[in-house]
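Notes for the one structure printed next.
The first residue in the sequence is number 1, and the count goes up from there. Fair warning: this is a prediction, and the values are worked out from it, not measured in the lab.
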Amino acid sequence: MELLPDEAKGLPPPDILNRNSAWFGLVGWFSAMLHNGLNRRPALRSGVHRQLLLVSIGWFLGYHITKYENYTYARLDRDMREYIRLHPDEFQQKDKRTYAEVLEKFTPIR
């Protein structure tokens, strides 16, 4: 089972440092800290290999979640543009007005 269809491969790849990767990496690191704390081990100094492993797994998951998120938003944008193209009467251009037409004349009261 593929997470992304073939049309998603045409999208540019997300940045290596994105919010989902950083967030899931931190969640992985905090879960290793919590595991050390619950087992009454020094939180930062024990199981450094496990900390790195969980940060790497979290970073990998965050990266692929970002890829899926980008594909979802691109698909929604494509569908919305297609709808606008097929129904131009529902999306008429409004007349441009200046601020002088919108705002009332200002007279200060003293």
Side-chain angles (χ1 to χ4, degrees):
M1 180 180 147
E2 283 188 42
L3 183 62
L4 295 173
D6 289 335
E7 64 184 5
K9 294 177 182 173
L11 293 173
D15 294 334
I16 295 295
L17 179 63
N18 57 58
R19 63 180 171 86
N20 287 335
S21 293
W23 177 251
F24 278 97
L26 282 173
V27 167
W29 185 63
F30 284 131
S31 65
M33 296 292 110
L34 180 66
H35 185 260
N36 285 341
L38 291 176
N39 289 330
R40 295 178 182 242
R41 289 186 282 205
L44 290 173
R45 292 179 301 185
S46 69
V48 176
H49 62 285
R50 192 172 60 250
Q51 294 174 23
L52 291 175
L53 176 68
L54 290 177
V55 166
S56 301
I57 290 171
W59 201 273
F60 178 80
L61 288 175
Y63 179 80
H64 286 284
I65 287 172
T66 301
K67 280 176 69 171
Y68 183 74
E69 178 184 27
N70 289 347
Y71 166 69
T72 302
Y73 287 138
R75 183 175 40 88
L76 289 173
D77 288 345
R78 181 196 63 202
D79 294 344
M80 184 173 52
R81 283 191 191 105
E82 182 66 18
Y83 183 82
I84 290 171
R85 189 182 67 79
L86 292 175
H87 302 90
D89 53 330
E90 294 181 17
F91 302 96
Q92 298 287 334
Q93 291 289 335
K94 293 184 179 180
D95 296 333
K96 291 186 179 181
R97 298 178 5 184
T98 62
Y99 277 116
E101 294 172 350
V102 175
L103 299 176
E104 296 176 6
K105 185 176 178 181
F106 177 72
T107 54
I109 300 173
R110 297 183 193 232

Give the minimum heavy-atom separation between [X] and [Y], together with the two atoms involved.
{"X": "Pro13", "Y": "Tyr63", "answer": "CB-OH, 3.7 Å"}
{"X": "Ser21", "Y": "Gly62", "answer": "OG-C, 3.5 Å"}
{"X": "Arg50", "Y": "Arg41", "answer": "NH2-NH2, 3.4 Å"}
{"X": "Gly28", "Y": "Leu54", "answer": "O-CB, 3.4 Å"}
{"X": "Pro42", "Y": "Ser46", "answer": "O-OG, 2.8 Å"}

Kindly say whether [Y] contributes a backbone atom to a donor-acceptor pair with the side chain of [X] at under 3.5 angstrom?
{"X": "Asn18", "Y": "Asn20", "result": "yes"}
{"X": "Glu7", "Y": "Tyr71", "result": "no"}
{"X": "Ser56", "Y": "Leu52", "result": "yes"}

- Message: Quick check on the 6.0 Å ring-centre criterion: do Tyr68 and His64 meet it?
- Response: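 Here the rings of His64 and Tyr68 have centres that are no less than 6.0 Å from each other.
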
- Message: side chain to side chain contact (heavy atoms under 4.5 Å, CB included) for Lys67 and Asn70? Distances and angles first, verdict last.
- Response: CA-CA 5 Å; Lys67 280 176 69 171; Asn70 289 347; 5.8 Å; no

- Any side-chain heavy atom of Trp59 sitting closer than 4.5 Å to one from Ile16?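 Yes, their side chains come closer than 4.5 Å.
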
With a 4.5 Å cut-off on side-chain heavy-atom distances among I, L, V, M, F, W and Y, is there a chain of contacts connecting [X] to [Y]?
{"X": "Val27", "Y": "Leu61", "result": "no"}
{"X": "Leu44", "Y": "Val55", "result": "yes"}
{"X": "Met80", "Y": "Tyr73", "result": "no"}

- side chain to side chain contact (heavy atoms under 4.5 Å, CB included) evaluation trace for Asn36 with Gln51: CA-CA 10 Å; Asn36 285 341; Gln51 294 174 23; 3.7 Å; yes

Measure the [atom1]-[atom2] distance between [X] and [Y] for me, rounded to the nearest 0.5 Å.
{"X": "Ile84", "Y": "Asp79", "atom1": "CD1", "atom2": "CG", "value": "11.0 Å"}
{"X": "Trp23", "Y": "Thr66", "atom1": "CH2", "atom2": "OG1", "value": "13.5 Å"}
{"X": "Leu38", "Y": "Arg40", "atom1": "CG", "atom2": "CZ", "value": "10.0 Å"}

Please list, one pair per line, the donor and acceptor atoms closer than 3.5 Å that link side chains of residues 86-94 to other protein atoms, with sequence neighbours excluded.
unit_1	atom_1	unit_2	atom_2	d
His87	ND1	Tyr83	O	3.1
Glu90	OE1	Tyr83	OH	3.1
Gln92	NE2	Asp89	O	3.4

- Task: For Met33 and Trp29, run side chain to side chain contact (heavy atoms under 4.5 Å, CB included): C-alpha distance rounded to whole Å, both residues' side-chain angles, the deciding distance at 0.1 Å, then the answer.
- Result: CA-CA 6 Å; Met33 296 292 110; Trp29 185 63; 3.5 Å; yes

